Visitor: 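Before I ask anything, let me first share the structure, which is written out below as structure tokens.
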Amino acid sequence: MSKALPLLEVKNLKKYYGDSSNLFRRNPEVVKAVDGVSFTIEKGETFGLVGESGSGKSTIGKSILRLSSITDGEVLYKGQNIHKLSKKDMRNLRPKLQFIFQDPYSSLNPRIRIGDAIGEALIDHGLVDKSEIRERVLEVLDICGLAPYQIDRYPHEFSGGQRQRIGIARAIILNPDFIVADEPVSALDVSIQAQIINLFSDLQKERDITFLFISHDLSVVEHLCSKIGVLYLGTMMELGSRDQLYGNPLHPYTKALLSAVPVPDPTLKRERIIIKGDIPNPADPPKGCKFHTRCPIATDMCRIEVPEFREVEANHFVACHFA
Amino acid sequence: MAKEPILQINQLLTQFYSDGGKVNAVNNVSLEIREGQTVCLVGESGCGKSATAMSVMGLIDPSSGQVSNGEVLFEGQDLLKMKKGDLRRLRGKDFAMIFQEPMSSLNPVLTIGEQITESIIEHELLSKKEAKQRGLELINLVGIGRGEEIFSSYPHQLSGGMLQRIMIAIAISCNPRLLIADEPTTALDVTIQAQILDLLRNLKEERNMSMLLITHDLGVVAEVADYVIVMYAGKIIEQGPVVELFKNPKHPYTKGLLAAKPVINQRREKLYTIPGQVPNLIDLQPSCYFSERCEHCMSICTTKQPPMKQIRDSHDVACWLYEEEVSV
């Protein structure tokens, strides 16, 4: 295919913790937090990464922006391998790649006024003249729904939802092409969460920013994302468009996840798939298909053979022997 | 058919001390729970739902606040007037509580077994051996296998979902008639949450246990509640049977909460949002506390608090929109 280069391409990404290069331990425990994950994100798309705790979704987010090193694989941003760039080149690229954290409070310095915190990166990267900074900060405050007088306030004077707006303002002031947002609405109350979700969809439309949206909440992901990947213990289980994944989920894990989400309708009676047991220890994942210990349809083959991640319909990939 | 309520709260006022004066975290709250009924308290952070539960349990830290007024009647006895020793005999036995963070409510240096048997030995006067037998049965009942192994392990060796099951096992160890659960599944993954909700539902049915479940998640409410109470800024603003409340919400805040939540397979272009944020409880004036965020705000809403009004059978709302004398 001679399609245009995707904005971001992740190829066979691996991130292991506690690698075996330790001289002093005989049997170091290697945790394969991310174990050979591949996907691409097209420009202007919002890609959702879902999974439960320990699935490796945050590790992938950090690795993509090189906030964490990787064990193997490639992360290509507009064709260039981010993990092979020199420090200087990487620094020049940083403004284009931004990160929004789950807990904005812990990423703000309590003694720095939020106007300075938001403008800081512009100065650091020498992107604008000092005299223009205040104007630029006021502009993003407005976009993010904060009032101009709040520019000289300190982080403790803001509520959780407002702090998340500050986190978003800090990221978009650099005019990034690509933002990784790691559980940005998980800590917020429903009424505030809706405000921030709408802010994200406005940013997508108006500023043409590409997002990697990491969340455990499947209803939020359905609302915001056009393409979704489902992770389990560091492995991609299913990948497809929103319609494919929510309309025709193929992996038993995806089906179970979707059926586990409580629906706010007390009259709804549905067949619930409750999968048994806990998420296995990532340091000692099951052999064969990693999901077989909890899978309702697992057979002997699943316990031995790792299912291939294959394309079952156009752009819809699944790793299951029976899909 | 009319059963006596197992728990009845009348005009509960719980205040916390702060620099700006006393804050009414729970502001004249009245509610009742009947035998075998699950009542859900819903609301956002700071609405007083947890403070209500803590007041019932007698767990308000005296250095930070107090229950200033009201009655908490458990099977007719006022817990607030009870002597400490008498309260201890009931708490953990006749009514028990599970908390949001299982990791921080379990003692890290005691084994699971020691923590499960503690209240059994305390309340049921059983020997250690008998208590262990009961403990193992409980571990099995909450759906964890490998009883012996779990019994001798420490909290850090178990996952969050398993710890929450252990918390439930401890809470039900003396067959309480009322279980208070404060956001019991909020810290858990969805697949584990589904398991825990299933477990709570089964326990309720098998033991005819009453439950007060506190949550911010309307999905969880729809799955387990019989009766729903919505709180805002320390006050109950609407309450009703679960189907009635979801199908026919009256208060603009309840409507807003239901509309603001994204729901799977119901895509919308834009989510409804409630503008603004929860008011600071310190500077509340006599008014409807939701008035400044409400799109139907009228002049009376900013000067006078709306009373609770019955709309239908056991469906009440505190909103001026439903008072005939002002609505026209």
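A note on names: the letters A, B, ... follow the listed sequences, proteins ahead of strands, and every chain is numbered from 1. Remember, predicted model here, so these are calculated numbers, not experimental data.
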Visitor: Measure B:Tyr253 against the heavy atoms of chain A and call it side chain, backbone, both or neither at under 4.5 Å.
Guide: neither
Visitor: Taking every heavy-atom pair that is under 4.5 Å apart, which of B:Val190, B:Leu245, B:Val221 has the most such pairs with chain A?
Guide: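 The candidate making the most pairs under 4.5 Å is B:Val190.
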Visitor: If you apply the rule side-chain contact (heavy atoms from CB on, under 4.5 Å), what do you find for A:Gln193 with A:Asp217, and how did you get there?
Guide: CA-CA 12 Å; A:Gln193 180 174 310; A:Asp217 188 331; 4.2 Å; yes
Visitor: Parallel, tilted or perpendicular, judged at 30° and 60°: which one describes the rings of A:Tyr232 and A:Tyr253?
Guide: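 Geometry flag for A:Tyr253 against A:Tyr232: tilted rings.
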Visitor: Heavy-atom pairs under 4.5 Å with chain B - which of A:Ser191, A:Ala260, A:Ser159, A:Gly51 has more of them than the others?
Guide: A:Ser191
Visitor: Among B:Val263, B:Ile264, B:Ile192, which has the most heavy-atom pairs under 4.5 Å with chain A?
Guide: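 Of the candidates given, the most pairs with chain A belong to B:Ile264.
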Visitor: Inspect the contact between A:Asp278 and B:Arg165 and indicate whether a charged nitrogen and a carboxylate oxygen are less than 4.0 angstrom apart.
Guide: no
Visitor: Go through A:Ser201, A:Ala194, A:Ser259, A:Ala256 and name the one with the most non-hydrogen pairs under 4.5 angstrom from chain B.
Guide: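 Most heavy-atom pairs under 4.5 Å with chain B: A:Ala194.
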Visitor: When the ring planes of B:His156 and B:Tyr154 are compared, do they come out parallel, tilted or perpendicular, using 30° and 60° as the limits?
Guide: parallel
Visitor: Once you round to the nearest 0.5 Å, how far does CD1 of B:Ile170 lie from CE of B:Met167?
Guide: 6.0 Å
Visitor: Among A:Leu268, A:Val263, A:Leu258, which has the most heavy-atom pairs under 4.5 Å with chain B?
Guide: A:Val263
Visitor: Output the option from B:Leu218, B:Leu257, B:Asn265, B:Val220 having the highest count of non-hydrogen pairs under 4.5 Å with chain A.
Guide: B:Asn265
Visitor: By a 4.5 Å heavy-atom criterion (distance strictly below it), what part of B:Gln193 contacts chain A: side chain, backbone, both, or neither?
Guide: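 Interface part for B:Gln193: side chain.
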Visitor: Sort out for me which of B:Lys261, B:Gln266, B:His216 touches chain A most, counting heavy-atom pairs under 4.5 Å.
Guide: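 Max contact count across the listed options: B:Lys261.
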Visitor: Under 4.5 Å, counting heavy-atom pairs only, tell me which of A:Ile275, A:Ile274, A:Asn198 racks up the most with chain B.
Guide: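 Ranked by heavy-atom pairs under 4.5 Å with chain B, first place is A:Asn198.
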Visitor: Between A:Leu239 and A:Gly229, what is the shortest heavy-atom contact and its length?
Guide: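 Closest approach of A:Leu239 to A:Gly229, heavy atoms only: CD1-CA, 3.9 Å.
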Visitor: Looking at A:Arg272 and B:Glu223, does any basic side-chain N land under 4.0 Å from a carboxylate oxygen?
Guide: yes
Visitor: Hey, could you give me the CZ/SG distance between B:Arg293 and B:Cys288, rounded to the nearest 0.5 Å?
Guide: 11.5 Å
Visitor: Of the backbone (N, CA, C, O) and the side chain (C-beta and beyond), which part of B:Thr191 lies under 4.5 Å from a heavy atom of chain A, both, or neither?
Guide: both
Visitor: Please report the interatomic distance CD1(B:Ile311) to NZ(B:Lys250), rounded to the nearest 0.5 Å.
Guide: 6.0 Å
Visitor: For chain A, which of B:Gly143, B:Gly161, B:Ser159 has the most heavy-atom pairs under 4.5 Å?
Guide: B:Ser159
Visitor: Highest number of heavy-atom pairs under 4.5 Å with chain A: which of B:Leu197, B:Leu188, B:Val243?
Guide: B:Val243
Visitor: What part of A:Ile197 gets within 4.5 angstrom of chain B, counting heavy atoms only: side chain, backbone, both, or neither?
Guide: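 For A:Ile197, side-chain heavy atoms alone lie under 4.5 Å from chain B.
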Visitor: For the interface with chain B, which of A:Ile279, A:Val220, A:Val221, A:Asp243 has the highest count of heavy-atom pairs at distances below 4.5 Å?
Guide: A:Asp243
Visitor: Among A:Arg242, A:Lys227, A:Gln204, exactly one meets side-chain hydrogen bond (donor to acceptor under 3.5 Å, both in side chains) together with A:Thr46. Which residue is that?
Guide: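 It is A:Gln204; the other options fail the test.
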